[in-house]
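I have placed the structure first, in the form of structure tokens, so that the comments after it can refer back to it.
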4 protein chains.
Amino acid sequence: MRPVDPARQAERVQQILNAALECFREKGFHGAAMSVICRKAGMSPGHVYHYFRSKEDLIEAIIEEDIRRSEERMTTLLGGEDTYQALNDAMSCLWEKLDEGLKGALEGEIMAEATRNPRIAKIVRDREQRFRTMLGDLLKAAQARGSIDPEPDPYGFATLLVELVSALKIADDAGTGIDREQVVEAMRFMLRRCLAPRERQVASRADTP
Amino acid sequence: MRPVDPARQAERVQQILNAALECFREKGFHGAAMSVICRKAGMSPGHVYHYFRSKEDLIEAIIEEDIRRSEERMTTLLGGEDTYQALNDAMSCLWEKLDEGLKGALEGEIMAEATRNPRIAKIVRDREQRFRTMLGDLLKAAQARGSIDPEPDPYGFATLLVELVSALKIADDAGTGIDREQVVEAMRFMLRRCLAPRERQVASRADTP
Amino acid sequence: MRPVDPARQAERVQQILNAALECFREKGFHGAAMSVICRKAGMSPGHVYHYFRSKEDLIEAIIEEDIRRSEERMTTLLGGEDTYQALNDAMSCLWEKLDEGLKGALEGEIMAEATRNPRIAKIVRDREQRFRTMLGDLLKAAQARGSIDPEPDPYGFATLLVELVSALKIADDAGTGIDREQVVEAMRFMLRRCLAPRERQVASRADTP
Amino acid sequence: MRPVDPARQAERVQQILNAALECFREKGFHGAAMSVICRKAGMSPGHVYHYFRSKEDLIEAIIEEDIRRSEERMTTLLGGEDTYQALNDAMSCLWEKLDEGLKGALEGEIMAEATRNPRIAKIVRDREQRFRTMLGDLLKAAQARGSIDPEPDPYGFATLLVELVSALKIADDAGTGIDREQVVEAMRFMLRRCLAPRERQVASRADTP
DNA sequence: TATGAATGAGACTTCATTCAT
DNA sequence: AATGAATGAAGTCTCATTCAT
């Protein structure tokens, strides 16, 4: 009777998040009506508002959940010893991984929202900086190990990579007719020229089939 | 009755576009109310709707105007003979130029809108492809001239550059704390490694002041 | 075409105020739904909100209109030279006049609202102080003229009178079974004892039929 | 199963009433949410609704509790032999006593509610009549004893006093800037002129310190 | 007795757009 | 060409109350 069942609570929260994500994907943050989200979550508005105080809170939760997943993905993909190889491997599944995260459309809206909503702004700023730092640290360590070229500024280059990937996702999702294969090739070329450890500068051409 | 005065018409349209741009900048597409745009344009809603059938039309017009300006900018910046030098020079005024176009927030919203609105989608697709083609053609010609490295696929690399620049704008505007100097350095490094003509691969370091 | 027709505007505003007053009377401030007020005013919500930015604004307008009318009534009733006589005459039409103003129920809600809503609080405070001052000035002048007893503090007594009248209205309207005749008699007695000019202290008994 | 423990029940009811009173004071009847009252009472909504069938019931209980306390206060204050003296003494602690009862704001809401809600109406009517009768009886007896002036109609004057006191409370609480000292003086003056027993009509000035 | 999850009607308000002049 | 009055659907959120355990 009395015991607050945390499992049930978590389940409800997940139901709501799933419904919200689906709606946001289809209609965008402002196009998705709370009433529809509630219906899709199989709950009454009152109940949904018991778990999330406002639509904004829901949006924030969605973003934060995506951040968590993205971090995991990044750590898994680039965690190995041979960072250059890892980056190259990551290119192989670039689009596959991009499809897993939030839709590019939402990314666009999130960035727009960040311009005007301080709470979203903080979340986004933290996210971007964490990503840049994570990747930057990784590149720096790789340089120390000699597993990538020591010349580029690791943090500057990390920023470039993070933003580039984000842009590709958005552009692809917006249906701008990105040629995925072509882009992967270009990325590979760029990585080789910028990061390949000296001894692999020539051999590395073998990476590009 | 009264003779149609095309000059007057064009003036009215510009008034509306200016007002709309200002509002969109401040509040975003969906945050900007038509009533406010009308007031700022110094016109009644009825009159504004005489020139634009809907808010969507207005948005489209704004986007198309921005495309025109961006094209001009790109042609001007990268038009010269020495494409590698031009790219490097462009880096010097990268942020300045980015501040001129539509706000990053709007870019984000446009991309999101493109996912759901076919007419916006078409405009955006055309824009992106035109930019990629323009820059790709430019790079290809430069390769032919020997003014940049002949190895990279000009169109793939063009896509990368276009999207990267777009992403930087969005991220910067969203207040993610981009270090503009650091990014410019990284871009320069990347350009040198990827595009610098062979004979300048070493000397090129002088480009980076 | 163009000319903003102020007459029409004023008419619309009056329509809304009338509808609102009627609804507030029936249901109270918070019990009256804007949608009903709109319907009763024969206007769409959007239009009503064109004239009043919020329900609160509407409430304020209603209160302020009532204040204006009450002031007129007070000036008319007590304006004459023989203030004591005027007060006595006012007693004859006390209930009739009270029925003209806002309903007692609304008075109650206004006072409650004033406790929590600063804007209403200001309106109410100004109103009460103006009434007290008006009546106080009047009594003071009457004392100087010798047309009422010089002893009582005119402003303290004015406060008493103002509040007493307000209380009677509220209590009567709340259906507490006030005996109107009896109360008028008591008021007359009180006025005679407290305000009758010395020479009339005895003769005045003739006022009480 | 479990034996009903009436003491425990009464305790629970008191908890609820205390919480409700506190909330009503702060937010008014309609501004106070049941959920907040429940939280403040340390009980679940389900449990609270076990003791009170509705918010209205709770309001009624609060009013009735206040009536009981007010009666006690009145009896205590005015119970003595020398009624005129007692009334004068009551003036000394008028505001202090007023602060003890329900807040003026609530009085306002109660009266408004009485206009529309028959059950509240009955409670309020009974209360007012009981107060008037109590005070009226008291004055009548005092007249018989010669401890106040025999002329005024005891019930009419009682009505006046009861309503006046109620109005002062409401007006004071609504922040209308009542000058408490000034009002007490005016009340004293009024009482002396209207109720002081003949022999004290002159001497009575000593009552006003 | 006691919990807290769950409901759902309904409140206020906004805003793109159309209409009458 | 130009106005601004007018519409009304739809949006977010609240809250008294009930239900299942």
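Worth saying up front: this structure is predicted, and the values here are computed from it rather than measured. Heavy-atom basis, side chains included; hydrogens, waters and symmetry copies ignored. Chain A is the first sequence line, chain B the second, and so forth, proteins listed ahead of strands; every chain is numbered from 1.
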With sequence neighbours excluded, tell me which residues meet salt bridge (charged side-chain N to carboxylate O under 4.0 Å, His left out) with [X].
| X | result |
| --- | --- |
| D:Asp173 | D:Lys103 |
| D:Glu11 | none |
| A:Glu109 | B:Arg116 |

Check side chain to side chain donor-acceptor pair (under 3.5 Å) between C:Arg127 and all other residues, then give those that pass, not counting sequence neighbours.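 C:Arg127 satisfies side chain to side chain donor-acceptor pair (under 3.5 Å) with C:Glu107 once adjacent residues are dropped.
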In chain order, what residues pass the side chain to side chain donor-acceptor pair (under 3.5 Å) check against D:Asp126, with sequence neighbours excluded? D:Lys122
Nearest heavy-atom neighbours spanning D:Ala61 and D:Leu17: CB-CD2, 3.7 Å
Can you tell me how far [atom2] of [Y] sits from [atom1] of [X], rounded to the nearest 0.5 angstrom?
| X | Y | atom1 | atom2 | value |
| --- | --- | --- | --- | --- |
| C:Ile110 | C:Thr115 | CD1 | OG1 | 12.0 Å |
| C:Leu106 | C:Ile62 | CG | CD1 | 8.5 Å |
| D:Tyr51 | D:Gln14 | OH | CD | 12.5 Å |

Using heavy atoms and a sub-4.0 Å distance, could you list which residues of [range] are near DNA chain E? By number, please.
| range | answer |
| --- | --- |
| residues 53-65 of chain C | C:Ser54, C:Lys55 |
| residues 43-50 of chain A | A:Met43, A:Ser44, A:Pro45, A:Gly46, A:His47, A:His50 |
| residues 14-36 of chain C | C:Ala32, C:Ala33, C:Met34 |

Within the 4.0 Å heavy-atom criterion, would you say C:Tyr51 contacts the bases, only the backbone, or no part of the nucleic acid?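 The answer is sugar-phosphate, as C:Tyr51 gets under 4.0 Å only of primed atoms, P, OP1 or OP2.
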Under 4.0 Å between a side-chain N or O of [X] and OP1 or OP2 of [N]?
| X | N | value |
| --- | --- | --- |
| C:Gln9 | F:dG4 | no |
| D:Arg39 | E:dG4 | no |
| D:Arg8 | E:dA2 | yes |

Does B:Phe52 offer a backbone N or O that forms a donor-acceptor pair with the side chain of B:Asp57 under 3.5 Å? no
Write out the stems for DNA chain E, ordered by first number and formatted as range with range, counting runs of at least 3 consecutive Watson-Crick or G-U wobble pairs under 3.5 Å.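 Stems (3+ consecutive pairs) listed as E:2-21 with F:2-21.
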Sorted by chain and number, sequence neighbours left out, side-chain contact (heavy atoms from CB on, under 4.5 Å) with B:Arg68 holds for B:Glu64, B:Glu65
What residues form a side-chain contact (heavy atoms from CB on, under 4.5 Å) with A:Asn117, not counting sequence neighbours? A:Glu56, A:Glu113, A:Arg119, A:Ile120
Can you list, pair by pair, the side-chain donor-acceptor contacts under 3.5 Å of residues 20-46 of chain C, counting residues two or more places apart and other chains?
{"residue": "C:His30", "atom": "ND1", "partner": "D:His30", "partner atom": "ND1", "Å": "3.4"}
{"residue": "C:Ser44", "atom": "OG", "partner": "C:His47", "partner atom": "N", "Å": "3.4"}

